[in-house]
Participant: 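Have a look at this one before I ask anything.
Proteins come first, then strands; the chains are lettered A, B, ... in the order of their sequence lines, and each starts at number 1.
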2 protein chains.
Amino acid sequence: MDNRRRIVDSAKRMFWRNGYSTTSPKQVMADSGVGQGSYYHHFPSKTGLGKEVVDENGRDLLEAVQAAMAGLPTGRERLLAFLKSADSALEGCRVGGFAYDAGVLADPELQSSLRVAFTELADLLENVVREGQEDGSLPSSLDPVSTAAALLAVVEGAFILARATGQQSSADAATAGAKALLTGL
Amino acid sequence: MDNRRRIVDSAKRMFWRNGYSTTSPKQVMADSGVGQGSYYHHFPSKTGLGKEVVDENGRDLLEAVQAAMAGLPTGRERLLAFLKSADSALEGCRVGGFAYDAGVLADPELQSSLRVAFTELADLLENVVREGQEDGSLPSSLDPVSTAAALLAVVEGAFILARATGQQSSADAATAGAKALLTGL
DNA sequence: GTCTATACGTCGATAGAC
DNA sequence: GTCTATCGACGTATAGAC
């Protein structure tokens with residue numbers, strides 16, 4: 001069971017940084033140090049590994065966001081903490097890259113895992129918006145669902161801007177702009 | 001010169017919808033109806049075709065945004081028109097997908113073309129923010145650079161949300177949330 | 001569970017004739 | 001400019017021994 005974990009851990013990082021379709025089983029074997037026989041024993045198909053990776057990366061991201069928000073007193077502050085998710089944007093989002101991979105979208109199992117990951121993130125943010133409205137830190141005029149979606153989109157878009165321009169500062173500008181819009185209410 | 005154009009036109013659509021690294025020369029030949037000999041005569045390397053595609057898709061997008069804004073009286077209305085860019089988000093952004101393609105980022109020529117495309121879009125939006133401040137439709141307290149970056153990020157993120165969840169409505173929610181934040185100023 | 005060997009297609013391109 | 005033939009490497013596995 002130890003080699004299985006090594007495979008998943010390597011694939012999580014490689015699919016995240018280099019993409020699912022553009023990372024080969026052979027590269028995962030090399031990175032994890034696991035031999036071919038062992039690799040195919042644990043993961044007879046690439047889809048199986050991909051699904052496990054999307055699921056785990058989704059959970060990792062959700063937990064990271066929750067950890068970043070923990071202890072902050074108001075909903076508004078917790079939302080602003082979420083905007084910091086794009087602080088190392090050149091690495092790419094743990095799950096965002098899968099959404100532009102045709103090989104992922106063509107596979108119902110992977111698409112399904114991806115949808116769950118994004119839905120859970122959006123739900124979390126939506127609840128935080130509601131909490132902010134209850135604690136008085138956010139105006140009750142905001143629609144929780146679309147506000148949460150907009151903030152999630154800003155962060156995902158910030159990753160894209162940074163990678164497209166090659167500069168972290170592009171992501172920083174985007175989140176700063178969102179922060180200003182949110183605090184200028 | 002006619003076959004050359006056919007190749008570029010096919011590649012523009014296929015790289016856009018299916019990704020650069022995951023689309024092979026053979027697929028472009030099949031889609032364009034151009035034979036292998038002709039294909040490699042015009043584009044000896046995939047990088048050359050990729051660069052031309054990124055450049056043209058970037059220009060196409062810029063022109064589409066300008067056309068959508070044309071005739072609108074205030075800067076604020078022109079910005080809101082830009083948010084409609086994510087109206088067919090399941091197709092993906094004409095240029096956004098390249099930012100998550102490792103094969104693109106590893107190639108200095110492609111990375112450079114991509115950077116130009118995003119920079120030009122950001123510059124356009126930045127100018128529109130300034131115009132909105134001059135015509136009184138946007139508060140002068142906004143920072144044009146970061147506000148433009150945030151709006152561009154929302155739209156790019158909206159494409160990601162739609163593709164990840166498989167639903168256009170996810171993109172609509174994001175742009176609606178951004179619109180509310182922008183008009184609630 | 002892990003190993004080595006093998007399979008069969010595709011990728012991105014080159015060669016040489018017309 | 002376009003055609004067909006060919007190339008070496010890689011992608012995604014499968015087979016069968018240990």
Side-chain angles (χ1 to χ4, degrees), chain A residues 1-54 97-98 100-111 113, chain B residues 1-55 97-98 100-111 113-114:
Chain A
M1 278 294 179
D2 207 23
N3 268 346
R4 191 180 203 284
R5 190 94 285 278
R6 265 194 274 275
I7 293 167
V8 174
D9 283 341
S10 278
K12 282 170 69 177
R13 229 190 37 254
M14 302 194 80
F15 291 175
W16 165 21
R17 306 296 180 91
N18 294 324
Y20 169 75
S21 290
T22 45
T23 302
S24 69
K26 195 171 285 194
Q27 288 176 282
V28 175
M29 291 170 214
D31 185 75
S32 62
V34 171
Q36 191 164 10
S38 180
Y39 173 90
Y40 276 105
H41 170 74
H42 292 296
F43 293 100
S45 88
K46 197 183 171 185
T47 290
L49 177 57
K51 183 168 163 37
E52 206 155 318
V53 163
V54 174
F98 293 92
Y100 263 119
D101 190 317
V104 170
L105 302 188
D107 185 323
E109 291 212 60
L110 295 181
Q111 163 84 265
S113 286
Chain B
M1 278 295 180
D2 208 24
N3 268 347
R4 189 180 205 284
R5 190 94 287 278
R6 264 194 274 276
I7 293 167
V8 174
D9 283 341
S10 277
K12 279 171 70 176
R13 227 189 38 255
M14 303 194 79
F15 291 175
W16 165 21
R17 307 297 178 92
N18 293 323
Y20 170 74
S21 291
T22 46
T23 301
S24 68
K26 192 172 287 191
Q27 287 176 282
V28 175
M29 292 171 214
D31 185 75
S32 62
V34 172
Q36 191 166 8
S38 181
Y39 173 91
Y40 276 106
H41 169 74
H42 292 296
F43 293 102
S45 89
K46 197 183 172 186
T47 290
L49 178 56
K51 182 168 164 38
E52 206 154 319
V53 163
V54 174
D55 287 341
F98 293 91
Y100 263 120
D101 189 317
V104 171
L105 302 189
D107 185 324
E109 291 213 59
L110 295 181
Q111 163 82 264
S113 286
L114 189 58

Participant: For Arg6(B) and dG1(D), give me the distance from atom CZ to atom C1', rounded to whole Å.
Facilitator: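 Taking atom C1' of dG1(D) as the reference, CZ of Arg6(B) is at 13 Å.
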
Participant: One pair to check against salt bridge (Lys or Arg N to Asp or Glu O under 4.0 Å): Asp55(B) and Lys51(B). What are the steps and the verdict?
Facilitator: CA-CA 6 Å; Asp55(B) 287 341; Lys51(B) 182 168 164 38; 3.4 Å; yes

Participant: How many whole angstroms separate atom CG of Asn18(A) from atom C1' of dG11(D)?
Facilitator: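 It works out to 16 Å between those atoms.
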
Participant: OP1 or OP2 of dG11(D) sitting under 4.0 Å from any side-chain N/O of Lys26(A)?
Facilitator: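 Looking at the OP1 and OP2 atoms of dG11(D), neither is under 4.0 Å from any side-chain N or O of Lys26(A).
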
Participant: When the distance from OH of Tyr40(A) to C1' of dT6(C) is rounded to whole Å, what number comes out?
Facilitator: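 In whole Å, dT6(C) C1' lies 13 Å from Tyr40(A) OH.
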
Participant: Would you kindly give the CZ-to-P distance between Phe43(A) and dA13(D), to the nearest whole Å?
Facilitator: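 Interatomic distance, CZ of Phe43(A) to P of dA13(D): 13 Å.
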
Participant: Nearest-nucleotide wise, let me know which of Gln36(B) and Met29(A) is further upstream toward the 5' end of DNA chain D.
Facilitator: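 It is Gln36(B), whose closest nucleotide lies nearer the 5' terminus.
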
Participant: Using distance alone, with no hydrogens and no angle criterion, decide if Asp101(B) and Ser21(B) have a side-chain donor and acceptor under 3.5 Å apart.
Facilitator: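 Present: a donor and an acceptor within the cut-off.
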
Participant: OP1 or OP2 of dG11(D) versus the side-chain N and O atoms of Ser24(A): is any pair under 4.0 Å?
Facilitator: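 For dG11(D), OP1 or OP2 has a side-chain N or O of Ser24(A) closer than 4.0 Å.
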
Participant: Distance check needed: dG12(C) P versus Tyr20(B) OH, whole Å only.
Facilitator: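 About 8 Å, once rounded to whole Å.
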
Participant: Examine dT2(C): is either OP1 or OP2 under 4.0 Å from a nitrogen or oxygen in the side chain of His42(A)? Give yes or no.
Facilitator: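 His42(A) to dT2(C) OP1/OP2: side-chain N or O found under 4.0 Å.
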
Participant: Take atom CZ of Arg4(A) and atom C1' of dT2(C), then tell me their distance rounded to the nearest Å.
Facilitator: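 About 16 Å, once rounded to whole Å.
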
Participant: Nearest whole Å is fine: how far is dG12(C) C1' from Phe15(B) CZ?
Facilitator: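 Atom-to-atom, Phe15(B) to dG12(C), this comes out as 12 Å.
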
Participant: Nearest to the side chain of Ser38(A), which nucleotide is it out of dC3(C), dT14(C), dT12(D)?
Facilitator: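 Between dC3(C), dT14(C), dT12(D), the one nearest the side chain of Ser38(A) would be dC3(C).
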
Participant: Does the side chain of Asn3(A) get closer than 4.0 angstrom to OP1 or OP2 of dG1(C) through an N or O atom?
Facilitator: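 No, outside the criterion.
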
Participant: Can you tell me if Ser10(B) uses its side chain to pair, donor with acceptor, with the backbone of Ile7(B) under 3.5 Å?
Facilitator: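 Not confirmed, Ser10(B) side chain does not pair with Ile7(B) backbone.
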
Participant: State the CZ-CG distance between Arg6(B) and Asp31(B), to the nearest 0.5 angstrom.
Facilitator: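 Answer rounded to 0.5 Å: 12.0 Å.
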
Participant: Quick check against the 3.5 Å criterion: does Glu52(A) have a side-chain atom that pairs as donor or acceptor with the backbone of Leu49(A)?
Facilitator: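 Not at all, since once roles are kept as given, no pair shorter than 3.5 Å links the two residues.
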
Participant: Measure OH/Tyr39(A) against P/dT12(D) and give the value in whole Å, please.
Facilitator: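 Rounded to the whole Å, the gap is 8 Å.
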
